[in-house]
Amino acid sequence: MSTVCTFQDDGYIGDAIGLLLILGVWASYIPQHIAIIRSRSSEGVSWLMIFLGNVSTCANTINVLVMQFDAVSCCPQLRLLDCLRSMLSICQIATGWINQFVLYVLVCVYYPVHKDSRAPVEQRRALLGFGLYALLVLLGLNLVAALLVWQRGPHDTVTINYAFAVGILSTVAVAVQWTPQIVTTFRAKAAGSLSIAMMLLQTPGSFLVVIFQAFFHHANVSTWLPFFVQGVEQCVVLVMCIVFEIRIRAKKRKQDQEINSMIEEKAPLIRKSFEDY
């Protein structure tokens with residue numbers, strides 16, 4: 001079935017928001033990547049949360065590719081600028097998957113191993129193996145989507161329902177994703193290696209994605225719903241991290257004040273002992 005290729009111009013405001021979101025995704029993940037690499041540990045970051053994030057972002061990428069397949073198929077027939085503008089919605093979501101995958105690899109490589117652990121290498125290998133297996137499953141989902149689009153077309157009811165189901169899978173994965181991190185952060189009573197800078201960028205960014213996808217690119221609800229759920233749960237984690245960080249700094253200041261007070265109290269006695277000597 002041939003597709004009539006027309007470029008739907010949503011205005012340069014929408015384009016600006018799309019570019020801002022793409023840059024924001026990179027800017028929000030890079031501090032987390034750097035934090036793990038510098039500390040050479042992913043302590044405080046739940047690997048299960050990152051794994052579920054990969055499932056969610058991959059499923060979401062499949063969803064948007066199928067739901068907006070016309071933008072992909074028509075891109076070669078449009079001007080370069082119009083092609084790039086029409087692909088902003090897809091690129092914005094795919095960028096999240098790329099960064100999530102890199103983050104999962106870092107978490108596995110720098111997985112914290114305690115001294116009493118007998119098999120640190122085996123633990124890392126198990127996580128990497130599990131991740132590779134999951135990646136194969138996700139690639140299988142991509143293959144099914146490609147076959148449906150090729151055999152039945154992007155507008156067929158079966159293809160659309162499959163994309164919708166994958167979008168709901170993404171939403172469920174997001175809903176479950178942040179539960180381990182909430183538990184991990186609550187138990188640790190600290191942000192750990194979880195970057196507050198990343199959270200400060202990602203939390204409002206999730207709601208901005210909803211606005212961009214729903215109102216500027218008129219995406220299906222199954223495409224932007226995962227970001228709405230993610231934004232709500234990220235708010236919970238961000239508030240916890242900020243509260244615990246404030247408590248830790250307040251406790252440290254109190255300890256420093258007590259140490260300084262003890263030094264000031266003992267200083268006259270020390271001076272007197274030297275004078276008597």
Between [X] (side chain only) and [Y] (backbone N and O only), is there a donor and an acceptor less than 3.5 Å apart?
X      : Y      : value
Asn99  : Tyr29  : no
Thr203 : Leu200 : no
Thr171 : Gly167 : yes

Stepwise side-chain contact (heavy atoms from CB on, under 4.5 Å) check, Leu141 with Tyr162:
CA-CA 10 Å; Leu141 292 176; Tyr162 176 80; 3.6 Å; yes
Given side chains that start at C-beta, do those of [X] and [Y] come closer than 4.5 Å, heavy atoms only?
X      : Y      : value
Thr159 : Phe69  : no
Val66  : Pro154 : no
Leu52  : Ser56  : no
Thr185 : Phe244 : yes
Cys58  : Asn142 : yes
Lys189 : Ile248 : no
Asn220 : Gln68  : no
Val107 : Phe51  : no

Got a second to check how far [X]'s [atom1] is from [Y]'s [atom2], nearest 0.5 Å?
X      : Y      : atom1 : atom2 : value
Gln92  : Ile17  : CD    : CD1   : 11.0 Å
Leu208 : Leu20  : CG    : CG    : 6.5 Å
Phe215 : Trp224 : CZ    : CH2   : 7.5 Å
Arg85  : Leu80  : CZ    : CG    : 12.0 Å
Cys75  : Asp82  : SG    : CG    : 9.5 Å
Phe164 : Ile168 : CZ    : CD1   : 4.0 Å

Mind checking whether [X] and [Y] sit in one hydrophobic cluster, side chains of I, L, V, M, F, W, Y counted as touching below 4.5 Å?
X      : Y      : answer
Val210 : Ile13  : yes
Ile196 : Val243 : no
Met199 : Val236 : yes
Ile98  : Leu19  : yes
Val144 : Trp150 : no

Looking at every heavy atom in both [X] and [Y], which two are closest together, and how far apart are they?
X      : Y      : value
Pro226 : Ser222 : CD-O, 3.5 Å
Asn60  : Ser170 : CB-OG, 3.6 Å
Val232 : Phe207 : N-CZ, 3.7 Å
Leu78  : Ser86  : CD1-OG, 4.3 Å
Ala71  : Met87  : O-SD, 4.0 Å
Ala145 : Ile62  : CB-CG2, 3.7 Å

With distance as the sole criterion, is a donor-acceptor pair present between the side chains of Thr223 and Gln213 under 3.5 Å?
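Side chains of Thr223 and Gln213: no pair found under 3.5 Å.
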Audit row: Ile160, Met67, side-chain contact (heavy atoms from CB on, under 4.5 Å) steps and yes/no
CA-CA 7 Å; Ile160 296 298; Met67 290 293 188; 4.2 Å; yes
Take Thr57 and Ile93, measure what side-chain contact (heavy atoms from CB on, under 4.5 Å) needs, and give me the verdict at the end.
CA-CA 7 Å; Thr57 51; Ile93 292 179; over 6 Å; no
Output, in order, the C-alpha distance, side-chain angles, deciding distance and verdict of side-chain contact (heavy atoms from CB on, under 4.5 Å) for Ser89 and Val64.
CA-CA 8 Å; Ser89 176; Val64 73; 4.0 Å; yes
Taking atom CZ as the centre, does Phe228 end up with more than 12 heavy-atom neighbours from other residues, nucleotides or ligands that are less than 6.0 angstrom away?
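Counting neighbours around CZ of Phe228, 12 or fewer heavy atoms of other residues, nucleotides or ligands fall under 6.0 Å, so no.
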